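So the structure is just underneath, and the comments pick up after that.
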Amino acid sequence: MSGEEAPARQQQEPAEEKTENPPTEEPPSEAAQEGEPSPAEEPADEPAAATPDKAPVAPEEEVFSYRALFLTGYGGYDKVKLQMKKGKPSLKSAEVLVRVKACGLNFAELLGRQGLYELLPSPPVTPGMECSGVIEALGEEVTDRKVGDRVLVLSRHGLWQEVVVVPASNTFVMPESMSFEEAAALPVNYLTAYIMLFEMANVRAGQSILIHMAAGGVGIAATQLCQLLEDVTVFGTASASKHETIGQGGVTHPIDYRTRDYAEEIRKISPKGLDIVLDPLGGSDTQKAFSLLKPMGTLIVFGAANCVTGQKKNLLAVAKTWYNQFTINTLRLMHANKAVCGFHLGYLSDKEELITQTMTRLLELYTQGKIKPRIDSTYHFEQVGDAMRRMHERNNIGKVILLPEPKKEEEKPESNPEPAETEDKKEEEKDENTMETGTEEDKREEN
């Protein structure tokens, strides 16, 4: 499922060699320069237009360039850099070329920048697991897509660039009413939430659920999906400034995890515990989650956000998270009558049928108005550091989107008082006394 990355220089080298080292030829005669063929050229089978036909090939490859973000090493925000790639990517028979309009930013990319995401290849590499755009070219065997289709794209990495080549099976046609930003916000978050809730936890009407990071992409997706059932009680953790928003989105009991012990708050409201807990935190929070479950309850672990505490990898935080990681033996699990599951979308690459069916269902729900990705903010590729900082500091409510198109320079307001002065002069000619009175009033206003 990885996106295509076509190294530009390797593709250009043959063309450059032809240009720099042309075949040795004798200087053309004066007659040839004036357009008349020389005797040596007359028997040649090739038409005179052959040379001009070959010339445009190299320049054509050189002019095709596109912007791409690269993770150049592990560390802070400055390790993700914007670069230009040259050379048009080649298509295999079952692939499509997509002109990207918007890309999604996920927590996995924050982990990857610190070297904590095992599915991302070593730098230099282009991150990006989801995007949306328009199909510009098709492979020979692609029959269910056409040029001009608006699609959303899912991959393990490689999508943070203006042009991507992916298998056609990794693309899904967007509903007409869906924006490119919404399409880029949907795949990873909503697939994760839907599969956890309906395939693993088997959520039902009347149940209770704890959603950590309820203002994030997965949190909002899970909250919306819970509204498909009646009387589902949603507990959601988020900072106090986000409570009004997540409450309007369907969270029944918002809890400020920064100032209160969320486990104690939940027990006050629901003494018997919860039916489902979605845990993206890891470490000691997983132990808390298990203790909050009712008998027959389900805990789903799908992240380790507690490992990320700063721009760069914090070995102490990583060690602390793993040291406090929840462990349990099967006998205790059996006596507790509880289920513990793990979920990682990146490792479902062999479940294409499940992914396709779930995406089809999600797009239907969007068309019906039952789900809608919330866009927190958009940043151009040049601003990727700011985008990552916003998510890292947990300031976002919803999805952070990256835009491949260049950021337009802000137009400077023009200040030219001459037209106003010209008008004043016209007024002077009409009525000198009126001009003098008006000038005094203007001075008083300026002071």
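All residue numbers in this chain count up from 1 along the given sequence. The model shown is predicted, which means the values in this text are computed figures rather than measured ones.
- In this structure, a donor-acceptor pair under 3.5 Å is absent between the side chains of Tyr194 and Glu199.
- The CG atom of Leu197 sits 6.0 Å away from atom CG of Leu225, with the distance rounded to the nearest 0.5 Å.
- Counting only N and O atoms by type, the side chains of Gln161 and Lys85 include a donor and acceptor under 3.5 Å apart.
- Inspection of the Ser155 and Asn170 side chains reveals no N or O donor paired with an N or O acceptor under 3.5 Å.
- In this structure the side chain of Phe64 never reaches within 4.5 angstrom of the side chain of Lys86, judged on heavy atoms.
- Residues Lys294 and Asn337 have side chains that never bring a donor and an acceptor to within less than 3.5 angstrom of each other.
- Side-chain contact annotation: Gln357 with Glu353, donor-acceptor N/O pair under 3.5 Å present.
- For the atom pair NZ of Lys372 and CG of Leu186, the computed distance is 11.0 Å after rounding to the nearest 0.5 Å.
- Phe302 has its side chain within reach of Thr192: a pair of non-hydrogen atoms, C-beta onward, lies under 4.5 Å apart.
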Might you work through the side-chain contact (heavy atoms from CB on, under 4.5 Å) test for Val277 and Ile209, ending with a clear yes or no? CA-CA 6 Å; Val277 177; Ile209 179 171; over 6 Å; no
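- Scanning both residues, Ile276 and Ala201, for their nearest heavy atoms gives CD1-CB, 3.7 Å.
- Residues Asn106 and Asn189 meet the side-chain proximity criterion, which asks for heavy atoms closer than 4.5 Å.
- One finds no salt bridge joining Glu162 and Lys101 here, because no Lys/Arg side-chain nitrogen approaches an Asp/Glu carboxylate oxygen to under 4.0 Å.
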Verdict with supporting geometry, Leu105 and Val384, side-chain contact (heavy atoms from CB on, under 4.5 Å): CA-CA 9 Å; Leu105 172 62; Val384 62; 6.0 Å; no
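- Side-chain contact, Ser239 with Arg394: no donor N or O sits under 3.5 Å from an acceptor N or O.
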Could you give me the CA-CA distance, side-chain angles and deciding distance for Arg156 and Glu130, then say whether salt bridge (charged side-chain N to carboxylate O under 4.0 Å, His left out) is met? CA-CA 8 Å; Arg156 278 187 174 176; Glu130 58 190 347; over 6 Å; no
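- Between Asp256 and His243 there is a side-chain heavy-atom pair separated by less than 4.5 Å.
- Between the CG atom of Leu345 and the CE atom of Met129 there is a distance of 7.5 Å, given to the nearest 0.5 Å.
- Both tests hold for Lys338 against Phe290: distance to the six-membered ring centre under 6.0 Å, angle to the ring axis within 45°.
- Here Arg67 pairs with Glu382 in a salt bridge; the nearest charged N to carboxylate O distance falls below 4.0 Å.
- Pairing each heavy atom of Ile246 with each of Ala214, the nearest pair is CG2-O, 3.9 Å.
- Residues Ile211 and Val251 fail the side-chain proximity criterion, which asks for heavy atoms closer than 4.5 Å.
- Applying the side chain to side chain contact (heavy atoms under 4.5 Å, CB included) test between Leu97 and each of Val164, Val147, Val163 identifies Val163 as the sole match.
- Between Glu393 and Arg389 the shortest side-chain heavy-atom distance falls below 4.5 Å.
- In this structure, Pro127 and Leu120 approach most closely via the heavy-atom pair CA-CD1, 4.3 Å.
- Met334 CE: more than 12 foreign heavy atoms inside a 6.0 Å radius.
- With respect to the salt-bridge test (charged N to carboxylate O, under 4.0 angstrom), the residues Asp275 and Arg204 do not qualify.
- Side-chain contact between Leu71 and Lys79 is present, with heavy atoms from C-beta onward closer than 4.5 Å.
- For the pair Lys242 (side chain) and Asn396 (backbone), a donor-acceptor distance under 3.5 Å is present.
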Could you go step by step and tell me if Ser377 and Tyr379 meet the side-chain contact (heavy atoms from CB on, under 4.5 Å) rule? CA-CA 7 Å; Ser377 52; Tyr379 293 85; 3.3 Å; yes
Using side-chain contact (heavy atoms from CB on, under 4.5 Å), reason through Asp376 and Arg374 one step at a time and then give a plain yes or no. CA-CA 6 Å; Asp376 171 78; Arg374 179 187 174 90; 5.9 Å; no
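- Once rounded to the nearest 0.5 Å, the distance linking CG of Leu362 with CD of Gln224 reads 10.5 Å.
- Taking the six-membered ring where the residue is Trp, His344 and Tyr117 present parallel rings, their angle staying beneath 30° rather than reaching 60°.
- The SG atom of Cys103 sits 7.0 Å away from the CG atom of Leu159 when rounded to the nearest 0.5 Å.
- When atom types are taken as modelled, the side chain of Gln287 and the backbone of Gly283 share no donor-acceptor pair closer than 3.5 angstrom.
- Side-chain N or O atoms of Ser132 include none that pairs as donor or acceptor with a backbone N or O of Leu152 at under 3.5 Å.
- In this structure, the separation between CG on Leu403 and CD on Glu181 is 6.0 Å, given to the nearest 0.5 Å.
- Annotation: Glu244, atom CD; neighbour count of heavy atoms from other residues, nucleotides and ligands within 6.0 Å does not exceed 12.
- Looking only at distances, no side-chain donor or acceptor of Thr126 sits under 3.5 Å from a matching main-chain atom of Phe70.
- Side-chain contact check for His212 versus Tyr262: some heavy-atom pair is nearer than 4.5 Å.
- Judged by a 6.0 Å distance limit and a 45° cone about the ring axis, Arg150 is positioned over the six-membered ring of Phe180.
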